[in-house]
Amino acid sequence: MLDIRTIREREADVRRALDLRGVGVDLDAVLALDRDRRSGLAEVEQLKNQRNVISKEIGALKKAGQDTAARQAEVRAMGDRIAELDRIVREAEEKLNNALLFMPNLPHPAVPPGHDAAQNRVVRQHGTPRSFDFEPKPHWELGEKLGLFDLERGARMSGAGFPLFTGRGARLERGLIQFMLDLHTTQHGYREIAPPFLCNAASMTGTGQLPKLAEDMYHVASDDLYLIPTAEVPVTNFYREEIIRDPLPVKLTAYSACFRREAGAAGRDTRGLIRVHQFDKVELVKFVEPETSDAELETLLADAEDVLQRLGLVYRILELCAGDLSFASSHTYDIELWAPAQKAWLEVSSCSNFGDFQARRAGIRYRNKDGKAAFVHTLNGSGVALPRLVVALLENGQRADGSIVLPEALHPYLGGLTVLD
RNA sequence: GGAGGGAUGGCAGAGCGGUUUAAUGCACCGGUCUUGAAAACCGGAGUGUCCUUAUGGGCACCGUGAGUUCGAAUCUCACUCCCUCCGCCA
């Protein structure tokens with residue numbers, strides 16, 4: 001959420017930033033609500049001050065045994081106007097708050113301009129795609145043949161997009177999760193947590209999934225809970241409505257299953273593991289002092305990259321343009337893995353700096369150098385998402401006979417297994 | 001699901017209709033003392049918001065929301081969460 005004072009005092013900057021993102025926001029309406037609220041507040045608070053003063057007098061008069069009927073009538077007469085103004089202020093406040101909850105974050109100055117993914121900037125590429133002396137097979141052929149997953153049975157259990165891993169495929173999922181958690185906790189300084197997979201509306205609002213993106217989530221109506229689309233939600237809400245006492249930066253990592261309805265994506269990437277409704281992911285979240293968040297984004301990105309480097313995968317880094325930023329983000333790097341059979345780059349991680357956008361929504365603060373409570377900056381990144389990682393491992397590791405060579409870093413996590421055949 | 005208890009500032013813990021600008025203790029910050037530290041003593045300090053800004057002042061906040069009253073942390077109602085016990089259960 002943006003600070004209404006920022007909008008009020010730097011209206012032109014805010015307009016420019018929102019235009020850059022290509023979103024239509026009625027700033028005039030927002031500013032009008034702000035004016036209504038403040039003028040009502042000025043009047044009602046003055047009346048309340050009068051009331052408090054007179055009530056105190058009444059108390060003193062009663063104690064002295066004097067008659068207070070006239071004073072009481074005077075105050076009673078003010079009650080209606082106070083109630084009316086309270087209502088006006090509350091309504092303006094609710095409308096204003098609602099409007100602010102629907103406004104996206106402002107892009108960081110470093111973000112390249114642009115309307116859509118085509119304008120994202122390629123920052124760098126790590127490694128060069130392997131050349132094949134045979135036609136590489138897509139992961140769904142490799143995986144089904146080797147018995148790593150059974151998408152048909154998964155679809156029968158739940159529906160299309162609910163992958164079912166089997167045998168060594170299930171072991172691979174578990175091994176990858178453990179490999180990544182071990183790496184982040186022992187090498188990168190993150191503390192592991194194992195969070196709930198369902199969260200309430202307040203948490204979803206805190207990180208920015210609600211109210212705008214409700215359609216993208218699974219909702220359990222009977223209990224008004226949402227299946228998390230990412231561990232970002234519970235992990236960031238770890239400190240919701242708190243003043244953080246732990247020394248900053250706080251770095252948390254968590255594994256979770258993630259659930260996404262993929263509304264609006266019908267018909268896209270329907271085959272295989274590239275776009276699914278449920279998947280596993282290891283997430284990285286940081287709570288940092290505002291001055292350090294730019295640098296923390298770079299190290300967050302490096303922590304996610306380390307996973308891919310240790311697995312010997314080819315990837316590239318994109319810096320998202322303003323028009324491609326997610327709702328809550330001010331600055332995002334995507335990491336994409338090369339998938340040879342797809343002949344495509346697949347997003348496996350998105351590392352974002354949210355500035356104080358989520359912290360303001362979720363009420364996450366710290367004590368700054370002056371001892372004042374101030375909003376932290378939050379960051380998160382996938383470290384990394386499993387299905388597309390598996391796609392890349394299978395398609396890149398394949399041999400002509402359909403067997404798959406596994407990277408050395410994984411061997412200890414698969415009971416010494418080095419080849420899937 | 002049933003019964004009972006509870007929710008107050010970072011923590012502990014008073015207050016149950018008007019000197020509460022929420023006592024007191026611990027923790028915290030500054031100072032005195034000390035070679036230094038500890039102890040002792042003195043002082044400071046909640047959050048949000050609005051007006052004015054050098055300063056200062058107002059309003060709101062004692063789980064949440066309504067209500068009674070001239071006046072609510074305190075009285076009434078509803079709700080939420082936590083704890084204990086019982087039932088069910090991985």
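Side chains included, hydrogens not; waters and symmetry mates left out as well; all remaining heavy atoms used. Chain letters run A, B, ... following the sequence lines, proteins first, then strands; residues in each count from 1.
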**Q** Counting heavy atoms from C-beta on, name the nucleotide in B:rA60, B:rA66, B:rU49 closest to the side chain of A:R37.
**A**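 So the nucleotide nearest the side chain must be B:rU49.
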
**Q** When you compare B:rG67 with B:rG43, how far apart are their C1' atoms, in angstrom units rounded to a whole number?
**A**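 My reading of the C1' atoms in B:rG67 and B:rG43 gives 44 Å.
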
**Q** For a quick test of reading the model: is some side-chain N or O of A:R38 closer than 4.0 Å to OP1 or OP2 of B:rU49?
**A**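 Checking A:R38 against B:rU49: no side-chain N or O falls below 4.0 Å of OP1 or OP2.
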
**Q** Scan every strand shown for a Watson-Crick or G-U wobble partner of B:rG1, both distances under 3.5 Å, and answer none if you come up empty.
**A**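 Base partner found: B:rC86.
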
**Q** Compare the minimum distances between each of B:rC50, B:rC70, B:rG46 and the side chain of A:L41, then state the nucleotide with the smallest one.
**A**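 Taking heavy atoms from C-beta onward, the closest nucleotide is B:rC50.
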
**Q** Using the C1' atom in both, what is the distance from B:rG31 to B:rA73, to the nearest Å?
**A**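 After rounding to an integer number of Å, I get 35 Å for this pair.
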
**Q** Give the nucleotide from the list B:rC70, B:rA66, B:rU49 with an atom nearest to the side chain of A:R5.
**A**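 Looking only at side-chain atoms, A:R5 lies closest to B:rU49.
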
**Q** Under a 3.5 Å cut-off for both distances, is B:rG43 Watson-Crick or wobble paired, and to whom?
**A**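 By the stated definition (distances under 3.5 Å), B:rC29 pairs with B:rG43.
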
**Q** Under a 3.5 Å limit for both distances, which nucleotide forms a Watson-Crick or G-U wobble pair with B:rA14, could you say?
**A**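 Paired with no nucleotide.
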
**Q** Searching all strands shown, indicate the nucleotide that pairs with B:rA66 (Watson-Crick or G-U wobble; both distances under 3.5 Å).
**A**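 Answer to the pairing question: B:rU76, which forms a Watson-Crick or G-U pair with B:rA66.
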
**Q** Between B:rU21 and B:rG46, how far is it from one C1' atom to the other, in whole Å?
**A**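 Approximately 13 Å lies between the C1' atom of B:rU21 and that of B:rG46.
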
**Q** What pair of heavy atoms forms the shortest contact from A:E144 to A:F149, and how long is it?
**A**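 Shortest heavy-atom contact: OE1-O, 3.5 Å.
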
**Q** Flag the pair A:Q342 / A:P138 as yes when at least one side-chain heavy-atom distance between them is below 4.5 Å, and no otherwise.
**A**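 Of all side-chain heavy-atom pairs linking A:P138 with A:Q342, at least one is under 4.5 Å.
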
**Q** With a 4.0 Å cut-off on heavy atoms, is A:R35 in touch with a base, just the backbone sugar-phosphate, or nothing at all?
**A**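 Counting heavy atoms under 4.0 Å across all strands, no contact is made by A:R35.
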
**Q** Is the distance between the ring centroids of A:F327 and A:F357 under 6.0 Å?
**A**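 Here the rings of A:F357 and A:F327 have centres that are less than 6.0 Å from each other.
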
**Q** Considering only the C1' atoms, how many Å lie between B:rA27 and B:rC88, rounded to the nearest integer?
**A**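 Between the two C1' atoms, the distance is 44 Å.
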
**Q** Look at the side-chain N and O atoms of A:N52 and state whether any lies under 4.0 Å from the OP1 or OP2 oxygen of B:rC59.
**A**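 Answer is yes, contact under 4.0 Å.
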
**Q** May I have the distance from A:Y366 (atom OH) to B:rC28 (atom P), rounded to whole angstrom?
**A**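 Spelled out: OH on A:Y366 to P on B:rC28 is 22 Å.
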
**Q** Of the candidate nucleotides B:rC50, B:rG71, B:rG46, which contains the atom at the shortest distance from the side chain of A:S55?
**A**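 The answer is B:rG71.
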
**Q** Would you indicate which nucleotide in B:rU47, B:rC70, B:rC59 comes nearest to any side-chain atom of A:R367?
**A**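 Nucleotide nearest to A:R367's side chain: B:rU47.
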
**Q** Rounded to the Å, how far apart are A:R90 CZ and B:rA66 P?
**A**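 In whole Å, B:rA66 P lies 6 Å from A:R90 CZ.
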
**Q** Are A:R71 and A:E74 close enough for a salt bridge, meaning some N to O gap below 4.0 Å?
**A**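 Counted as a salt bridge, because a side-chain N and a carboxylate O are separated by less than 4.0 Å.
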
**Q** Checking base pairs now: Watson-Crick or wobble, both atom distances under 3.5 Å. What partners B:rC81?
**A**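 Its partner is B:rG6.
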
**Q** When the P atoms of B:rA7 and B:rC62 are compared, how many Å lie between them, rounded to an integer?
**A**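 After rounding to an integer number of Å, I get 14 Å for this pair.
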
**Q** Rounded to whole Å, how long is the line connecting atom CG of A:L47 with atom P of B:rC70?
**A**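 Whole-Å distance recorded here is 17 Å.
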
**Q** Could you give the CD-to-C1' distance, from A:E45 to B:rC61, as a whole number of Å?
**A**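 Rounding to the nearest Å, CD of A:E45 and C1' of B:rC61 are 13 Å apart.
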
**Q** Counting Watson-Crick and G-U wobble pairs only, both distances under 3.5 Å, name the nucleotide matched with B:rU55, or none.
**A**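 Here B:rU55 is not engaged in any pair, so there is no nucleotide opposite it.
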
**Q** Would you say A:S55's side chain and A:R51's backbone share a donor-acceptor pair under 3.5 angstrom?
**A**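 Here the side-chain-to-backbone pair exists.
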
**Q** Report yes if at least one side-chain N or O of A:R8 is closer than 4.0 Å to OP1 or OP2 of B:rC50; otherwise report no.
**A**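 Yes, A:R8 has a side-chain N/O under 4.0 Å of OP1/OP2 on B:rC50.
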
**Q** If I take atom NZ in residue A:K56 and atom C1' in nucleotide B:rC59, what distance separates them, rounded to the nearest angstrom?
**A**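 These atoms are roughly 13 Å apart.
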
**Q** Give one of base, sugar-phosphate or nothing for A:R71, where a contact means two heavy atoms less than 4.0 Å apart.
**A**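 A:R71: no heavy atom of the nucleic acid under 4.0 Å.
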
**Q** Rounding to an integer number of angstrom, what distance separates B:rU64 and B:rC82 when you compare their C1' atoms?
**A**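 Nearest-Å result for B:rU64 against B:rC82 at atom C1': 14 Å.
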
**Q** Tell me: CE of A:M1 to P of B:rG48, nearest whole Å?
**A**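 Value for this atom pair: 14 Å.
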
**Q** Using the P atoms only, state how far B:rG15 lies from B:rG6, rounded to an integer number of Å.
**A**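 It comes out at 13 Å once rounded to the nearest Å.
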
**Q** Answer yes when A:R81 and A:E43 have at least one side-chain N-carboxylate O distance shorter than 4.0 Å, and no when they do not.
**A**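 Yes, charged N to carboxylate O under 4.0 Å.
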
**Q** Between A:I58 and A:E93, which is nearer to the 5' end of RNA chain B once each is assigned its nearest nucleotide?
**A**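 Final value for this comparison: A:E93.
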
**Q** Quickly work out the A:D246 CG to B:rG10 C1' distance and round it to whole Å.
**A**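 Answer to the nearest Å: 12 Å.
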
**Q** May I ask you to verify if any side-chain N or O of A:R76 is less than 4.0 angstrom from the OP1 or OP2 atom of B:rC70?
**A**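 For B:rC70, OP1 or OP2 has a side-chain N or O of A:R76 closer than 4.0 Å.
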
**Q** Which nucleotide sits closest to the side chain of A:A373: B:rU49, B:rC70, B:rG48?
**A**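 Within the option list, the nearest is B:rG48.
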
**Q** Could you tell me how far apart A:I243 (CD1) and B:rC61 (C1') are, to the nearest whole angstrom?
**A**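 For the pair A:I243 CD1 and B:rC61 C1', the rounded distance is 14 Å.
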
**Q** Please figure out whether A:Q46 or A:R365 has its closest RNA chain B nucleotide nearer the 5' end.
**A**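 Final value for this comparison: A:R365.
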
**Q** Side-chain contact test, heavy atoms from C-beta onward, threshold under 4.5 Å: evaluate it for A:D34 versus A:R38 and give yes or no.
**A**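 SC-SC contact between A:D34 and A:R38 confirmed.
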
**Q** Rounding to an integer number of angstrom, what distance separates B:rC16 and B:rU8 when you compare their C1' atoms?
**A**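 It works out to 12 Å between them.
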
**Q** Which pair of non-hydrogen atoms, one from A:F279 and one from A:P229, has the smallest distance, and what is that distance?
**A**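 Residues A:F279 and A:P229, closest heavy atoms: CZ-O, 4.4 Å.
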
